Protein chains: 2
Amino acid sequence: MDRSTRPVRLADVAKAAGVSHGTASNVFSHPEIVREEVRERVKATAEAMGYAGPDPKGRLLRAGKVNAIGVATNEPLSYFFDDPFARVMMASISQACDATGAGISLVSAANSEHLAWNIQSALVDGFIVFCIEGDSRLVELARERKLPFVALDLDSENQSVAAIGVDNIAGAGLAARHLAELGHRRFAVLTLPCAEDGHGPITQAQAETSLYAGTRDRLRGYLGELSRFGIEVSQVPIYETVNDEESVWAGLDHIFAGAEKPTAILAMSDKMALHALDWLRRHDIAVPGDVSVVGFDGVPEGATSKPPLTTVAQPIAEMGHRAVKAILENDGASSRQLMPVDLVVRASSGPCPVKS
Amino acid sequence: MDRSTRPVRLADVAKAAGVSHGTASNVFSHPEIVREEVRERVKATAEAMGYAGPDPKGRLLRAGKVNAIGVATNEPLSYFFDDPFARVMMASISQACDATGAGISLVSAANSEHLAWNIQSALVDGFIVFCIEGDSRLVELARERKLPFVALDLDSENQSVAAIGVDNIAGAGLAARHLAELGHRRFAVLTLPCAEDGHGPITQAQAETSLYAGTRDRLRGYLGELSRFGIEVSQVPIYETVNDEESVWAGLDHIFAGAEKPTAILAMSDKMALHALDWLRRHDIAVPGDVSVVGFDGVPEGATSKPPLTTVAQPIAEMGHRAVKAILENDGASSRQLMPVDLVVRASSGPCPVKS
DNA sequence: ACCTATCCTTGGATCGATTCAAGAATTTGC
DNA sequence: GCAAATTCTTGAATCGATCCAAGGATAGGT
């Protein structure tokens, strides 16, 4: 009867040891209420039969709680370890989980079919959804599980979605004002994706119809503040990137190919800003001598880049902690929390160079 | 009957829709074999009752496969996102998982009681164990689950443990020889932990009794090669660190307090080596002018540090891929794979300065 | 009409454990 | 020595689904 693998069940052990499965269960889960002699006998039998201990699969069904929270994203799984923002966020999420003994399940999928299935079949007590690029489908799928749930980012227009995010408009405004006050008048904007996998130069109108509210809000924040300084925002080149080196560099190639070269670059993520610094260094453009760069996020890499990056810092650690708290406490209140952002001025921004 | 939450079961939906639970199950799992009219009716009923779809908990028990692999460590969960080596390894593990559609469960625990429980109750199809610091208890617990299993590191003496690791002795030897060939004769070694939470200066004899075979082997590799160059290894200061900035800096404080200052530092991890570079810069000690530093691991940060770090690179990506493959294929063969290491010479090592 | 083939639907068995009310065995009290 | 109290043990019920053999209904062929 020994097929390739032999699944020894608790019941098998019980029978072999001559006790009921109820008692056998107690041996493992409530050893103190089983007479020592019996306990030892059952344990010895289990050992002899190669029983690996109560299978969590069975226990789970009865207990109901998985004791793990799921973190879901649209990006490939490696996003959690590659992207600086995600990394910091995950570090704070994992601290909070450690404190409560909860585990973490990373959920993702390359294609959207898998995504649906992965979300639907994830064994978790709740979801934290990374919707950095605001995929509402992801949010929808997660909500359908009817588990405790919180989105990281207030992208969704749907006010009923519990979410933790930052004030993108105000944050972008801070960045724009900082540069404008330094005297800059010729700007360029590097955006996060507006459409699925879109990249290339776009118009303000196109950006306004962005699928992703986060991108849209940051852009509004930038342009709104700039126009307050009398800058003709329709002239500001806007280049859509997918937040990677290639598209950022392509964007800068494009932006600096024109006659009116900008003196200030607004980047919607630190990652983009850091790639931009690389590009500028390779093109012997001084930062902040010739061009100032301001990022968005406040990742630690920004503090040690060359030059250190001026950026709009999100309270990432605090957001992570709150997200975990929201899942674990699940007080039903689908709260939307708006966290404050902070302009961190470092060396990548400086006064506008005098006109040559 | 409506307690705080109402758990709607598939059976409830089936009854309400007037079909058997078997048919209801098919509506969700094999929609194509259910007559359309029935299918729609059941789906509508489910919707109306607030049924969230088949609960994976139930499905799991029947199906047996979780479709997730567990990655376990002794460190806090945030280790996966903070430590450079872990990050690179996790990135490659997650790539491999993405390719097969598997999820990742991070398992850890602050204290060892939790550890046991977390390992025992983790819902996974197999374990990859990060035993960078070679905790054999962790390995033991994971093996007891009798799931596919592979340790990252060949620490364990137990040859029956499936493991993927590098040739620590040979790798350390490469580093030592490189420096010796550059003319260095006064060395210092920064080790990974030898005992639980130990740190401070230790003797060679103490290090030889290290709990952790990885630490021991690297030390053997270092000292073995050095003695081949006629260096009196008993005079080489060995300082045990816990792989963080504080203990590395304390180690260097101690090492450089002596009269015979070393010209070459062998660090058992890149993380330590990078902290050492920071310390040296702060003390205005030129690298490699006054002191050469060689790390171990080959993390990407080493390529961009100041100066770029000479190191013994592990094929981290390849190891991650193989680990996942080993779990998913689980061909029973508890193989021990020894991966080759590679000396990567960058700017942190140079000729020994002429004696002053 | 009757028989057969097709297509759904049914209900029971199963996955692997936990829990609990009730019963058996042992000990204690008088 | 018998009833009561105590302590374990038992076996059935449950968790939430999937699977499968068997049966029912419908349609088509003659």
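Treat the numbers as computed from the prediction; the structure is a model and nothing was measured. In what follows, every chain begins at residue 1, and chains take the letters A, B, ... in the order their sequences are listed.
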A:N26 side chain, from C-beta outward: closest of D:dA17, C:dA17, C:dT19:
C:dT19

So, under a plain 3.5 Å distance rule, would you say the side chain of A:R59 forms a donor-acceptor pair with the base of C:dT18?
no

Does A:S25 place a side-chain N or O at less than 4.0 Å from the phosphate oxygens OP1/OP2 of C:dA17?
no

At under 4.0 Å between heavy atoms, what does B:S29 touch on the DNA or RNA strands: base, sugar-phosphate, or nothing?
sugar-phosphate

Using the ring of each side chain (for Trp, its six-membered ring), is A:F85 parallel, tilted or perpendicular to A:F130, with breaks at 30° and 60°?
perpendicular

Here's a test of your reading of the structure: between B:S20 and A:R9, which maps to the more 5' nucleotide of DNA chain C?
B:S20

Closest to the side chain of B:P54, out of D:dG16, C:dT10, D:dA17, is D:dA17

Closest heavy-atom contact between B:V150 and B:A323?
CG1-O, 3.8 Å

Using heavy atoms to find the nearest nucleotide of DNA chain D for A:V34 and B:A11 separately, return the residue whose nucleotide is more 5′.
A:V34

Taking the nucleotide of DNA chain C with the nearest heavy atom to each, does B:R62 or B:R35 sit closer to the 5' end?
B:R35

OP1, OP2 of D:dC19 versus side-chain N and O of B:H21: anything below 4.0 Å?
no

Please determine which of A:Q314, A:H321, A:R322 meets the side-chain hydrogen bond (donor to acceptor under 3.5 Å, both in side chains) test together with A:E318.
A:R322

Please find the pair of heavy atoms, one from A:C97 and one from A:I69, that lie closest to each other, and give the distance.
SG-CD1, 3.9 Å

Is the phosphate of D:dG16 approached by B:Y51 (side-chain N or O, under 4.0 Å from OP1 or OP2)?
no

